[in-house]
A.B. asks: 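Would you mind keeping the following structure in view while I ask a few things?
Quick note on labels: first sequence line is chain A, next is B, and so on, each numbered from 1.
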Amino acid sequence: MALSTQPYKGARDFYPEDKRLQKYMFSRLREVVERFGYEEYDAPILEPLEIYLAKTGEEIVNEQTYVFEDRGGRKVVIRPEMTPTVSRMVAAKRQELAYPLRWYSIPNLWRYERPQRGRLREHWQLNVDIFGVKDTSAELEIITLVDALFKAFGASRSMYDIRLNHRQLMNYLLHDYLALNEKAVHDISKLIDRMNKMERRDFISKVDALLSPEQRENGTNERLLSILDAKQLGDLPAEALSQPATIELKSVIGQLNNAGISNARFDPTLMRGFDYYTGVVFEVFDTDPENNRSMTGGGRYDGLVGLFGVEPVPTVGFGWGDITLANFLESHRLLPALKPETDVYLVLVGDVSQAAQKLLADLREQAVNVAVDLSGRKIGDQFKTAEKKGLTYVLIVGEAELSQQQYKLKNLETGEEETHSLGQIVSLVKDYRNNPT
RNA sequence: GCGGGUGUAGCUCAGCUGGUUAGAGCGUCGGGUUGUGGUUCCGAAGGCCGUGGGUUCAAGUCCCAUCACUCGCCCCA
C-alpha cells in the first residue's frame with residue numbers, strides 16, 4: 001500500500017508558487033499595518049484549554065477545535081483564533097505596556113470542521129488590535145486601516161462594502177424598544193444573522209414563532225422588520241436616535257464618510273459575534289455577486305483582557321483570513337504576476353563548473369540571487385529548465401566568457417541577448433527585480 | 001452531525017441504452033548531430049476505470065457497501 005501524497009484533510013501544502021502568493025499578501029499586509037504604527041507579536045500555536053472555555057461555549061471548544069492531552073496530562077488546544085492569546089499576553093503585562101498599544105500578528109490557526117469553499121481546517125489570519133482606547137477614535141483608526149489594506153491591494157471602493165452596527169444599539173432596540181425577553185433577543189439575533197440567506201416569508205414566520213401571542217398581536221414583528229429595513233440610522237425609530245450607541249455609530253460612520261470612505265454604512269442586520277462584542281461591530285463584504293461574502297470584520301470587545309483577573313482594557317480589533325483575501329484578489333483580478341526570487345539562472349557550457357565558482361561568489365557578494373544548473377546537460381535543456389522555473393534571466397558561461405570576463409545575459413521573455421561585464425549584469429538584473437515589466 | 005455531487009493516464013476530461021486489445025488534449029520523456037528556451041515536426045512511455053462484493057455469457061458502464069475528494073446545511077470564536 002503506497003503512502004498517500006495528499007496533505008492532511010482541510011490543510012494545504014504550500015508549493016513555491018503558493019508560498020509566493022502568500023508572501024506577497026503577507027508583505028502587503030505588514031507594510032500597511034506597520035505604516036499605522038502596529039508592531040508584530042507572536043505566540044505558541046498551543047494554548048491551555050481553559051482560556052477558550054472561559055470565553056466561548058464548551059460545545060465550540062469540544063467540537064470545533066483540536067484538543068488533546070499532553071504527556072503531562074495537560075489539556076491542550078491548537079489555537080483556533082488569536083484573540084484569547086493576545087488578551088492573555090496583554091493581561092500578563094497589563095501594568096507595564098505603553099498604551100495605546102497597537103499590535104498585529106499573522107498566526108496559523110486550526111479548527112476542526114468540515115472543509116468547504118473559503119473555509120478550511122487550517123488558515124492564516126491577520127489579527128490587528130488596538131488596546132487602551134475607550135472612545136471611537138479606535139474604531140475609526142481600525143476601519144480606516146482596513147480600507148487602506150484594500151487600497152494597498154489595488155481594490156477600488158466599488159469592490160467592497162463596509163457595514164457597521166453597534167452591539168448596544170441592537171440590545172436597546174430588541175430588549176428595550178421591542179420589549180423582547182432575554183431568550184427572544186438571543187434567538188432573534190441568531191435569526192437576523194441568517195436573514196439574508198432565507199426568504200423573507202420564512203424569516204417572518206420564524207420570528208413569529210419566537211414571539212408571545214400578545215407580541216404577535218401588537219405588531220412587534222412589523223416594528224422589527226422596519227428596523228431591519230433601515231438603510232441609515234435616521235430611519236430608526238425616533239427613540240433610538242438619542243441612544244449613546246446610536247450617537248457613537250453615527251459619529252464613526254460620519255467620520256469615515258468624510259474621510260472619503262463612502263462605502264461605509266449602517267447595516268442593522270449585521271450581528272457578528274453576538275457573544276463578546278461590546279460596541280461597534282463591522283464587516284467588509286465583497287460586492288461581487290459571485291463571492292458575496294464577509295471577508296474581514298471585527299469590532300470592540302472591552303471585556304476579554306479582564307477575564308485574566310486584571311483591570312479590563314478596552315480593545316478594538318479585526319481579523320482577516322488568507323483564504324478569503326486570496327479569493328477576493330483572484331475574483332477581482334488583483335493578483336500581480338509573481339516571479340521566483342531567483343534573479344539569474346546560470347547555464348554552464350562545457351566542464352566549467354569549477355572555473356565558474358568565482359563568478360558565482362561575486363554575484364552573490366553583490367546580492368544577486370543566482371541558481372546554477374548543475375546537470376551538465378545540453379544548453380537547450382538548461383534553458384528549458386530556466387523557462388520552466390519561470391525565470392527571466394539566463395547567464396551563459398563557458399570558457400570563452402570566463403577568460404574574457406564578459407558574459408552573455410539573455411532575457412527569456414524578450415529573447416534579447418547581450419554581452420556584459422559583471423558590474424553591468426548586476427545592475428541590469430537588480431533593475432529588473434525592483435521594477436519587473 | 002445532516003444532505004447533494006464526483007472518483008477513468010501526472011493534470012483536465014470523453015467513453016451513448018453493459019459487448020473484442022480503454023481514448024483525447026495538455027504535460028512528461030526521446031529525437032530533428034556537436035554553445036540557446038518558448039512556436040513547429042516525428043516518436044515513446046504512462047491506467048487493477050478509488051476499493052470490496054453482487055447481477056450477467058459479458059461490467060469503466062447496472063446494484064450494494066466502503067473510502068476519498070468536493071459543494072451546501074449546522075456552526076462560525
A.B. asks: Please assess A:D18 against A:R12 for the test salt bridge (charged side-chain N to carboxylate O under 4.0 Å, His left out), listing each intermediate value before the final yes or no.
C.D. replies: CA-CA 10 Å; A:D18 308 311; A:R12 297 164 289 172; over 6 Å; no

A.B. asks: Is the positively charged end of A:R163 above the ring of A:F266, judged by distance under 6.0 angstrom from the centroid and angle within 45° of the axis?
C.D. replies: no

A.B. asks: Tell me the interatomic distance from A:L191, atom CG, to B:rC76, atom P, rounded to whole angstroms.
C.D. replies: 13 Å

A.B. asks: Given A:W320, which partner from the list A:F328, A:Y160, A:F150 fulfils the ring pair (Phe, Tyr, Trp, His ring centres under 6.0 Å) test?
C.D. replies: A:F150

A.B. asks: Between the base of B:rC76 and the side chain of A:R119, is one N or O donor paired with an acceptor at under 3.5 angstrom?
C.D. replies: yes

A.B. asks: Looking at the base of B:rG35, is there any donor atom on it, or on the side chain of A:E399, that sits under 3.5 Å from an acceptor on the other one?
C.D. replies: no

A.B. asks: Can you check the A:L120 CG to B:rC69 C1' distance for me, whole Å?
C.D. replies: 13 Å

A.B. asks: Give me the distance, rounded to whole Å, that separates B:rG7 from B:rC48 when you measure between the C1' atoms they each carry.
C.D. replies: 15 Å

A.B. asks: Tell me whether A:R30 contacts the main-chain N or O of A:E40 through its side chain, where contact means a donor paired with an acceptor under 3.5 Å.
C.D. replies: no

A.B. asks: Between the base of B:rU70 and the side chain of A:Q116, is one N or O donor paired with an acceptor at under 3.5 angstrom?
C.D. replies: no

A.B. asks: Which is true for A:K410 with a 4.0 Å heavy-atom rule: it touches a base, it touches only sugar-phosphate, or it touches nothing?
C.D. replies: base

A.B. asks: Can you identify which nucleotide, out of B:rG37, B:rA77, B:rG35, has its nearest atom closest to the A:E387 side chain?
C.D. replies: B:rG37

A.B. asks: Using the P atom in both, what is the distance from B:rA59 to B:rC69, to the nearest Å?
C.D. replies: 30 Å

A.B. asks: Give A:G319 one of three labels, base, sugar-phosphate or nothing, depending on what nucleic acid heavy atoms sit under 4.0 Å from its own.
C.D. replies: nothing

A.B. asks: Classify the nucleic acid contact of A:R194 as base, sugar-phosphate or nothing, counting any heavy atom under 4.0 Å across all strands shown.
C.D. replies: sugar-phosphate

A.B. asks: Given the P atoms of B:rA68 and B:rG60, what is the spacing between them in whole Å?
C.D. replies: 25 Å

A.B. asks: Calculate the interatomic distance between A:Y52 atom OH and B:rC76 atom C1'; express it in whole Å.
C.D. replies: 15 Å

A.B. asks: Which of these nucleotides, B:rU28, B:rU36, B:rA77, is closest to any side-chain atom of A:K408?
C.D. replies: B:rU36

A.B. asks: Out of B:rG72, B:rU36, B:rC75, which has the shortest distance to the side chain of A:R114?
C.D. replies: B:rG72

A.B. asks: Base, sugar-phosphate, or nothing for A:K9, non-hydrogen atoms under 4.0 angstrom?
C.D. replies: sugar-phosphate

A.B. asks: Any base atoms under 4.0 Å from A:E413, or only sugar-phosphate, or nothing? Heavy atoms, all strands.
C.D. replies: base

A.B. asks: Begin from the C-alpha positions of A:K19 and A:E341 and carry the test salt bridge (charged side-chain N to carboxylate O under 4.0 Å, His left out) through to its verdict.
C.D. replies: CA-CA 11 Å; A:K19 196 69 186 174; A:E341 305 293 339; over 6 Å; no

A.B. asks: Can you check the A:K378 NZ to B:rG30 P distance for me, whole Å?
C.D. replies: 8 Å

A.B. asks: Using the C1' atom as the point on both nucleotides, what is the distance between B:rU21 and B:rA58, in whole Å?
C.D. replies: 16 Å

A.B. asks: When we call it a touch if two heavy atoms are under 4.0 Å apart, what does A:Q125 touch: a base, just sugar-phosphate, or nothing?
C.D. replies: nothing

A.B. asks: Counting just side-chain N and O atoms, does A:K384 come under 4.0 Å of either OP1 or OP2 of B:rU36?
C.D. replies: no

A.B. asks: Taking the C1' atom of each, how far is B:rU66 from B:rC16, in whole Å?
C.D. replies: 29 Å

A.B. asks: Would you mind telling me which of B:rG37, B:rC76, B:rA77 lies closest to the side-chain atoms of A:K190?
C.D. replies: B:rC76

